[in-house]
Amino acid sequence: MASTSSGRTPGTQGRDDKGGARDARDRDGEGGASGTRDRDGDGRARNARPRDGLGRPLPYGAQGVSRQPEGVVRTPEQTVTEAQKLLDAGKPFHAHEVFEDAWKSGPAAERELWRGMAQLAVGLTHAARGNVTGGARLLRRGAGAVEQWAMETGEPQPYGMDLAGVVAWARGLAGEVERDGGDGQGVDAGARAPRLRGRPGPGADAGER
């Protein structure tokens, strides 16, 4: 089975048709007080502002949550396991970066799978932020992409993932946030995280869900 393709999930505003969210990612390289662009150790533009657990920028100097390192090459199985840990920890923004690494590092045959998974993680990020419209839209878009990939490839459980279950979770949550949302509070990201590999059976290792 193949692993994924090149590319990096772009931002949500204006380019979420590509799979991600600019306001979730906010990687435009804006600088600090000097107006210079923030850059990482390799000289690439990368916003250095600290972030909270849902990826929202905090003021410079504030205590934030560490960002995921970019460009990490993992096996598909490692991608699923790492993303599930982050989702369970209430960090869907970080999980979407893991899915983006899979999209970037693997072959074209799985591009739509990992892009769809990244969209789902960004959708949960927005739902947790209280963004009803953006969250529901990306949850449904990701569900559609994942479902279509499974139908076209005949792979309903790649790397142990229960794609039908993930699709059902995404559409159910999209409907819920539209029905109950609007108060700006958002859902509990950790409590509402999907089970990528389905529910563990008796005696199963919950860490490998």
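FYI, side chains are in, hydrogens and waters are out, and symmetry mates aren't considered; it's all heavy atoms of this structure.
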For [X] versus [Y], what's the shortest heavy-atom pair and its separation?
X	Y	value
V177	A127	CG1-CB, 4.0 Å
A189	P92	CB-CD, 3.8 Å
D162	G198	CB-N, 4.0 Å

Next item on the list: Apply the test side chain to side chain contact (heavy atoms under 4.5 Å, CB included) to residues Q84 and R195: give CA-CA distance (whole Å), side-chain angles for both, the deciding distance (0.1 Å), then the verdict.
Entry: CA-CA 7 Å; Q84 185 69 74; R195 303 273 67 77; 2.6 Å; yes

[Y] backbone acceptor or donor facing [X] side chain under 3.5 Å:
X	Y	answer
S105	V73	no
W149	A109	yes
E82	E77	no

Check: Is the distance between the ring centroids of H96 and F99 under 6.0 Å?
Finding: no

Notebook entry, point to check: Does K104 come within less than 4.0 Å of E97, counting only side-chain N to carboxylate O?
Noted result: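 No, no charged N to carboxylate O under 4.0 Å.
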
Note to self: Does this structure show an ion pair linking R74 with D101, if we count only N-O contacts that are shorter than 4.0 Å?
What the structure shows: yes

Margin query: Please identify which of these residues, L113, T79, V166, meets the side chain to side chain contact (heavy atoms under 4.5 Å, CB included) condition with M161.
Written below: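 Exactly one candidate clears the test, L113.
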
With heavy-atom distances below 4.5 Å as the criterion, would you say the side chains of [X] and [Y] are in contact?
X	Y	result
F93	L86	no
L196	L87	yes
Q78	T75	yes
H126	L138	yes
V72	V98	no
E152	E112	no
R171	E147	yes
L163	Q157	no

Working to the nearest 0.5 Å, report the span between [atom1] of [X] and [atom2] of [Y].
X	Y	atom1	atom2	value
T125	Q119	OG1	CD	12.5 Å
E176	L139	CD	CG	10.5 Å
R140	L173	CZ	CG	10.0 Å

Notebook entry, point to check: Could you walk me through whether D180 and V132 pass the side chain to side chain contact (heavy atoms under 4.5 Å, CB included) check?
Noted result: CA-CA 9 Å; D180 303 331; V132 173; over 6 Å; no

